[in-house]
Amino acid sequence: MRIVREFSKGFTTQLPPFRLVLGLCPVLAVTTTVENGIGMGLATTFVLICSNVLVSLLRKIIPPKVRIACFVVVIASFVVIVEMVMKAFFFPLSQSLGIFIPLIVVNCIILGRAEAFAAKNAVHYAAVDGLGIGLGFMLSLAVLGAVREILGAGTFFGASVFGSSFEPFALFAKAPGAFIGLGTLLFLMNAFDRFRNRARQNA
Amino acid sequence: MDLIILVIGAILVKNILLMQYLGNCPFLGVSKRMETAVGMGMAVIFTMTVASAITWAVYKNILVPYNLVYMQTIAFILVIAALVQFVEIFMKKTLPALYQALGIFLPLITTNCAVLGVALICVREDYDFVNMVVYSVASAVGFALALVLFAGLRERFRIARIPQPLQDTAIGLITAGLMSLAFLGFSGIA
């Protein structure tokens, strides 16, 4: 089933930002807690689905020469919607994500999917592709957020994990922890893939 | 005196790449060779300064008086995209030598979140004109500095024996983490 494949590739062969090394800035910046990671992931997923659908609907109308500008306008419009909704209903989250909400506009994953997928495929595939990639992105953000929150603050969703005797690694809440955490996760995934391929060859 | 603190703060203490997490895609993308890193750094210094100045003027003179602040994101990204296109055409005609050097990096800058990020920070912090120009030049210099230093480190990877799963992006991110750790040391001075 093609539709299932388009959905599941977001978690497997094209899992952003590990398999598709794009959109690193929000990944590094907002993953200080799981909650922020999931909030950012949901916002990005919404923009990704909507922009994929609209770009796919307009794909025969948009002239190829100005397509990038058109895609950017489509994406920016949905980002403005997300910005307003977040300010109205999730004010604390929108404060802690700060300028990274308007910066969803320049998240290369969204423009990348519009250009590489939505502009060439039918609407339902484009929507499913957006959903899959978006949820994969959210999952990655949540995992990195969990690692950084547990190590950097000793909490998970704000609840204490290790008890009061645990001294948190403040480093993981700051910028170096973001880079090192993401690098290490990427390394572990590569190592796991290699291990699995070798096991498959021996079998 | 305040301006000196602003400059040091923007270049070292709150370095836009290593401390504020903006512009990481070109940071990992074009840092494999020294020459490309220098070219990208120059292109960013130029574009970021002009883009912040224009978006600042648009914000103060059009968006605020007409109550259109909610259109900020769309307006800024359109200004930046148009500016990049314009700079590219202008440079091709008048400064062919510079165009040759920077040409391929210019289109990439539209999706460089550092440019939009600095424009947004300038508006959010409510800088006046002088502070805004100084802040955006200093941020861009900080970007170029980090990019060139990182490219220097990355060139060494070619002669190092790196375990296969760590190669390329993974080791790049961990190296960036160590650089960011070093830059964290500057936080004592401002």
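No hydrogens, no waters, no symmetry mates; every other heavy atom, side chains included, goes into these values. In what follows, chains are A, B, ... by sequence order, proteins preceding strands, each numbered from 1.
- Around OH of B:Tyr127, the count of heavy atoms belonging to other residues, nucleotides or ligands within 6.0 Å exceeds 12.
- Heavy-atom contacts from other residues, nucleotides or ligands closer than 6.0 Å to NZ of B:Lys60 number more than 12.
- Only the side chain of A:Met84 comes within contact range of chain B, with at least one heavy atom under 4.5 Å from a heavy atom of that chain.
- Open room surrounds CZ on A:Phe192; 12 or fewer heavy atoms of other groups in view lie less than 6.0 Å from it.
- Contact count versus chain B (heavy atoms, under 4.5 Å) is highest, among A:Ser77, A:Cys25, A:Ala178, for A:Cys25.
- Within a 6.0 Å sphere centred on CD of A:Glu35, heavy atoms belonging to other residues, nucleotides or ligands number 12 at most.
- Proximity to chain A is limited to the backbone of B:Leu17, based on heavy atoms less than 4.5 angstrom apart.
- Taking both residues in full, the closest heavy atoms of B:Tyr70 and A:Val80 are given as O-CG1, 3.6 Å, listed atom of the first, atom of the second, then distance.
- In terms of heavy atoms, A:Val106 sits closest to B:Cys113 at CG2-CB, 3.3 Å.
- Within the 4.5 Å cutoff, the side chain of B:Leu78 has heavy atoms near those of the A:Val73 side chain.
- Here the closest heavy-atom approach between residue B:Ala170 and residue A:Phe187 is recorded as CB-N, 4.1 Å.
- In this structure, A:Pro102 and B:Arg124 have side chains that are in contact, with non-hydrogen atoms separated by less than 4.5 Å.
- For the options A:Pro176, A:Ala191, A:Ala76, heavy-atom pairs under 4.5 Å to chain B are most numerous at A:Pro176.
- In terms of heavy-atom proximity, A:Lys174 sits nearest to B:Tyr21 at C-OH, 3.8 Å.
- Looking at A:Ile101, neither its backbone nor its side chain comes within 4.5 Å of chain B, counting heavy atoms on both sides.
- Within the 4.5 angstrom heavy-atom criterion, no atom of B:Gln72 approaches chain A.
- No more than 12 heavy-atom neighbours from other residues, nucleotides or ligands sit within 6.0 angstrom of CE on B:Met71.
- Listed here is the closest heavy atom pair of A:Phe100 and B:Gln20: CZ-O, 3.6 Å.
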Practice problem: For B:Asn24 and A:Phe179, run side-chain contact (heavy atoms from CB on, under 4.5 Å): C-alpha distance rounded to whole Å, both residues' side-chain angles, the deciding distance at 0.1 Å, then the answer. | Solution: CA-CA 10 Å; B:Asn24 278 294; A:Phe179 286 108; 3.5 Å; yes
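- The contact between A:Ala29 and chain B is made by backbone and side chain atoms together, counting heavy-atom distances below 4.5 Å.
- Contacts of B:Leu184 with chain A are made by side-chain atoms alone, with heavy-atom separations under 4.5 Å and no backbone atom involved.
- Interface residue B:Ile174: backbone and side-chain heavy atoms are both found under 4.5 Å from chain A.
- Counting non-hydrogen atoms of neighbouring residues, nucleotides and ligands closer than 6.0 angstrom, the CG atom of B:Asn61 exceeds 12 such neighbours.
- Chain B forms the most heavy-atom pairs under 4.5 Å with one residue out of A:Leu24, A:Leu182, A:Leu103, and that residue is A:Leu103.
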Exercise. List the steps and the verdict of side-chain contact (heavy atoms from CB on, under 4.5 Å) for A:Ile104 and B:Thr73.
Key: CA-CA 10 Å; A:Ile104 296 175; B:Thr73 313; over 6 Å; no
